[in-house]
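Here is how names work: the chains are called A, B, and so on, in the same order as the sequence lines, proteins then strands, and each is numbered from 1. Only a predicted model underlies this, so the values are computations on that prediction, with no experimental measurement involved.
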There are 4 protein chains.
Amino acid sequence: MELAIIGLGRMGGNMARRLVRSGVRVVGWNRSQDVVRELAAEGMVAAESLEALPALLKAPRLVWVMLPAGEVTEQTLQQLSTILSPGDLIVDGGNANYKDSQRRGTWLEQQGFLFADVGVSGGVWGLQNGYGLMAGGSPEARMRLEPFLKLLAPAPDKGWVWAGPVGAGHFAKMVHNGIEYGMMQALAEGLAIIRKKEEFGTNLAELTEAWRYGTVIRSWLLDLTAAALAEDQDLKDIAPMVADSGEGRWTVMEAVELGVAAPVITEALYARFNSQDQEGYAYKLLAMMRKGFGGHAVQKVEG
Amino acid sequence: MELAIIGLGRMGGNMARRLVRSGVRVVGWNRSQDVVRELAAEGMVAAESLEALPALLKAPRLVWVMLPAGEVTEQTLQQLSTILSPGDLIVDGGNANYKDSQRRGTWLEQQGFLFADVGVSGGVWGLQNGYGLMAGGSPEARMRLEPFLKLLAPAPDKGWVWAGPVGAGHFAKMVHNGIEYGMMQALAEGLAIIRKKEEFGTNLAELTEAWRYGTVIRSWLLDLTAAALAEDQDLKDIAPMVADSGEGRWTVMEAVELGVAAPVITEALYARFNSQDQEGYAYKLLAMMRKGFGGHAVQKVEG
Amino acid sequence: MELAIIGLGRMGGNMARRLVRSGVRVVGWNRSQDVVRELAAEGMVAAESLEALPALLKAPRLVWVMLPAGEVTEQTLQQLSTILSPGDLIVDGGNANYKDSQRRGTWLEQQGFLFADVGVSGGVWGLQNGYGLMAGGSPEARMRLEPFLKLLAPAPDKGWVWAGPVGAGHFAKMVHNGIEYGMMQALAEGLAIIRKKEEFGTNLAELTEAWRYGTVIRSWLLDLTAAALAEDQDLKDIAPMVADSGEGRWTVMEAVELGVAAPVITEALYARFNSQDQEGYAYKLLAMMRKGFGGHAVQKVEG
Amino acid sequence: MELAIIGLGRMGGNMARRLVRSGVRVVGWNRSQDVVRELAAEGMVAAESLEALPALLKAPRLVWVMLPAGEVTEQTLQQLSTILSPGDLIVDGGNANYKDSQRRGTWLEQQGFLFADVGVSGGVWGLQNGYGLMAGGSPEARMRLEPFLKLLAPAPDKGWVWAGPVGAGHFAKMVHNGIEYGMMQALAEGLAIIRKKEEFGTNLAELTEAWRYGTVIRSWLLDLTAAALAEDQDLKDIAPMVADSGEGRWTVMEAVELGVAAPVITEALYARFNSQDQEGYAYKLLAMMRKGFGGHAVQKVEG
């Protein structure tokens with residue numbers, strides 16, 4: 001078994017490592033060479049350039065791209081289409097929008113390539129626990145890809161799914177992340193309520209640690225929350241600002257396009273928007289309206 | 001026609017003024033005497049103390065209490081029950097929770113008084129435009145109170161309603177305010193979206209001014225918004241902080257008790273909570289969870 | 001003053017009528033000829049075909065398209081580009097997505113046409129009250145279009161705005177409709193709460209009629225609500241199903257793209273999705289989860 | 001070690017069983033005697049009546065009440081206060097509102113009893129997996145109760161927490177359930193989106209089974225969901241109707257009282273309200289408003 005992995009960052013690097021440890025021959029390339037050298041020392045075959053990569057694999061090849069979604073992935077796939085051969089299978093394991101994957105799949109298949117889109121979950125823990133994998137593509141792509149999915153997943157029969165044709169993998173991963181937003185927000189709200197109930201002085205670190213066992217809400221996100229609170233339940237050094245990657249936004253847009261109500265996923269996204277909002281223009285407007293009808297005092301910016 | 005008004009603040013004072021101008025004999029009392037003197041100069045009969053008030057009116061009396069909801073109103077109603085006579089009609093025109101009004105109505109009626117609860121809308125504009133009035137009480141209370149409602153309202157046949165038995169007036173006013181929250185937030189969100197769409201550079205003052213005529217969203221709140229934006233559409237001196245009075249919260253609690261979904265009113269209330277939140281604990285938790293599973297960088301508080 | 005109007009449906013027909021009554025020479029065309037004949041009898045100049053239209057106007061022409069957004073508008077604009085002359089001003093007054101308008105504007109301007117996008121509000125009441133108009137386009141387009149906006153609007157200085165470059169008109173109209181969704185939902189929720197509070201038996205027709213005057217929530221939507229409830233406050237013949245046109249969805253997608261939290265507008269949209277949902281799959285899932293952890297009985301579909 | 005359990009239903013019965021199996025002497029009473037006989041056969045000591053119970057335990061006694069929240073619990077606690085002795089510890093393990101527990105705690109402690117409130121999670125799976133337990137009460141109550149919590153929990157050092165003084169246990173359990181609502185809804189929304197994306201034909205049973213491993217959203221609720229979908233992913237026999245117990249409502253009311261925004265938990269609750277709504281009055285109102293301003297057709301109820 002052999003494949004190439006392009007992009008050896010936090011995700012791709014550990015995936016390469018996990019496959020090497022499983023006995024797979026992994027050819028790896030990365031823009032920055034430090035991580036290439038590091039992985040080469042662990043048994044990965046280092047490609048000196050993208051162009052050098054095809055010669056290091058037997059056809060039909062399997063090339064797994066693990067790069068940031070967007071321009072970088074787009075350009076790399078275009079470049080691959082010029083150096084790989086018809087019959088090769090190109091996999092995008094990044095966080096692409098599924099519509100991009102559908103477009104790319106069509107375009108690559110027109111040129112004789114196979115294409116599969118794979119959503120990969122698991123973060124920094126995947127090396128040890130295995131990755132959650134959601135794949136989309138043709139039956140032929142599936143046949144070629146399955147053995148690798150079984151090694152990357154927590155177990156050969158666990159944690160991977162063929163979700164449908166090209167696009168279905170990234171679509172499933174997108175929704176996975178939408179659900180993740182909702183679950184995270186549910187936990188955050190609950191804990192914020194308990195914290196605000198000061199009369200009880202509940203120790204949130206102990207509470208979340210206890211909730212990890214026997215309760216209905218036990219979950220990996222709760223495990224992580226308990227671990228974070230065990231260090232400092234006041235989180236006093238942490239800025240109240242939550243970034244959002246694309247998938248949460250895409251999930252909401254998709255819900256809107258499909259006409260499916262998704263209030264919880266959407267409110268979880270909006271909570272992040274609120275955390276990112278420096279100006280508070282909507283709040284200012286509300287304050288002015290209140291002043292307008294009720295003569296309510298408006299707080300002025302200090303300065 | 002005569003009545004007493006207790007509490008001559010921003011609302012009560014102007015109501016007294018409006019009634020005096022309509023030819024009603026208004027006996028007024030207020031803790032601070034400045035406003036009493038001012039209104040006396042305009043034709044109001046000043047009561048020197050609460051105890052002096054009954055002697056200034058012919059029985060059966062009509063005493064309209066216009067005080068802040070809560071303790072002040074509670075104590076004043078209790079005190080009135082000791083100095084007024086059975087058959088007198090006591091009106092609470094403040095923003096009491098309707099459950100308090102129901103309790104007070106029962107208790108006052110057991111002592112032989114009539115009681116009505118009246119929600120009063122219109123804010124600082126009521127003197128000029130007339131007030132929106134929602135009343136609750138018995139048919140007998142209605143018969144006694146109607147002539148005054150007709151004078152306080154924008155017109156004798158406009159802007160007042162008998163909403164039902166005791167409690168129904170404050171209940172209707174509570175929901176009115178809940179709707180107000182939702183409408184305000186709808187406007188604020190829409191304008192925040194347009195402001196963020198910087199490429200269009202839309203002039204929000206001109207836009208809202210235009211929206212006041214011919215559109216589906218024309219409304220008094222829009223009128224006020226346009227007036228505020230005409231002064232400074234950047235609202236740069238306004239702090240992004242919106243207070244909430246009790247009615248929004250009560251409306252949501254009532255929706256929950258009744259099992260009626262009220263997402264818009266609730267989200268409007270939560271937007272205000274967000275504007276009041278100094279700590280952002282929920283956001284901090286989310287940031288920590290993201291770090292936990294994805295190794296995402298967490299922004300540290302500066303300093 | 002003269003212009004052509006293409007599309008004489010519920011909106012376009014009344015706009016033609018309003019302009020004719022103002023002394024404008026209106027050339028009209030419509031696929032179905034009935035309305036053309038009707039308007040011709042009122043003074044409109046009837047075009048026998050789209051191709052016949054340019055000859056009926058002096059260059060530089062102003063042609064206002066008032067057709068359903070989407071394919072019909074797209075094809076008509078393309079056809080107009082083949083029969084009109086450079087320098088003519090084409091106006092899209094339909095409910096196009098602003099991104100389509102931007103694309104069309106670029107394309108038409110490349111061919112030497114002027115283009116403006118105008119969002120038109122006011123519905124069936126516009127003939128009588130005037131329309132709310134939000135326009136986007138170049139300063140030159142503005143100079144040519146303004147005289148007509150002033151006639152269509154409720155008054156020459158009221159109810160129309162130049163919102164910015166091409167796209168800004170439909171963008172502003174889109175957000176207007178988003179705000180409309182939020183305001184409608186706020187009213188609907190409030191009234192549903194009062195209705196569910198059966199102990200008060202509040203007459204919703206009387207209540208909404210009263211709210212129209214002196215209150216903070218007085219608005220045109222409230223006027224319409226009161227009128228509907230005056231006929232039958234139980235709405236017993238009305239199916240609980242609310243359609244949604246594109247603008248609500250687009251507003252939410254735009255909010256998500258811009259990173260602006262718009263919970264109220266979004267929840268108002270989701271309420272409509274819920275009203276359209278025949279299957280209730282999400283509810284079924286919740287019922288099954290409850291059964292899974294709590295042994296709670298699940299209600300079976302009858303039949 | 002010995003205690004009495006009052007109420008041997010789905011929860012109490014299995015808790016008695018788990019304790020008996022751990023070697024605890026359990027005295028049990030239940031209104032219906034069938035389950036008493038069944039448990040007696042497994043080693044529980046059966047009390048013939050509530051009055052007979054004190055004599056079966058050595059003072060100071062520990063009596064754990066496991067009854068439906070509300071009237072039944074209230075009356076039983078009052079009755080216990082007449083037959084138990086000062087120094088006995090009374091535990092309410094039902095789903096009481098924490099404010100009731102605070103009131104009862106005060107009242108029972110005034111009479112010399114100890115009182116603790118314990119929220120119990122785990123449902124029908126607790127017998128096998130152990131229960132999640134959140135307790136509130138004085139340090140003395142804690143000392144007496146801890147050994148039993150350690151046996152009921154999944155492990156002596158896992159799954160139980162002393163959350164604070166009386167009330168804190170039920171408060172923590174209430175919020176736990178609120179979080180549960182949010183997580184369930186996040187899952188339900190995500191799956192509803194994928195189901196509506198018919199072009200992918202994703203097998204939801206396979207997908208959720210795969211998500212159980214290696215993903216960020218792995219959780220017990222996902223395990224249950226996968227199990228339910230494995231049987232029938234169309235859920236065609238399930239009515240789209242989700243009941244709500246008190247805790248979700250209380251959590252939202254508490255959030256509102258505390259001024260903490262809880263959009264996700266609240267929207268999850270409202271989704272259930274929507275599922276329970278037979279009339280759709282708010283939707284009817286929206287349909288009428290649309291008709292009012294746009295002449296949009298309103299769908300009539302068939303019949």
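Counting all heavy atoms, side chain and backbone alike, D:R249 lies closest to B:E257 at NH1-O, 3.2 Å.
For chain B, the option among D:L269, D:T266, D:N274 with the highest count of heavy-atom pairs below 4.5 Å is D:T266.
Side chains of B:V260 and D:Y270 form no contact here, defined as non-hydrogen atoms less than 4.5 Å apart.
Heavy atoms of other residues, nucleotides or ligands lying less than 6.0 angstrom from CH2 of B:W125 number 12 at most.
Only the side chain of B:E267 has a heavy atom closer than 4.5 Å to any heavy atom of chain D. Proximity to chain B (any heavy atom under 4.5 Å) is shown, for D:A262, by both the backbone and the side chain.
Considering D:T251, D:V256, D:V252, D:D244 as possible partners of B:V256, the one that fulfils the side-chain contact (heavy atoms from CB on, under 4.5 Å) test is D:V252.
One finds the CZ atom of B:F293 at 11.0 Å from the CD1 atom of D:I217 (value rounded to the nearest 0.5 Å).
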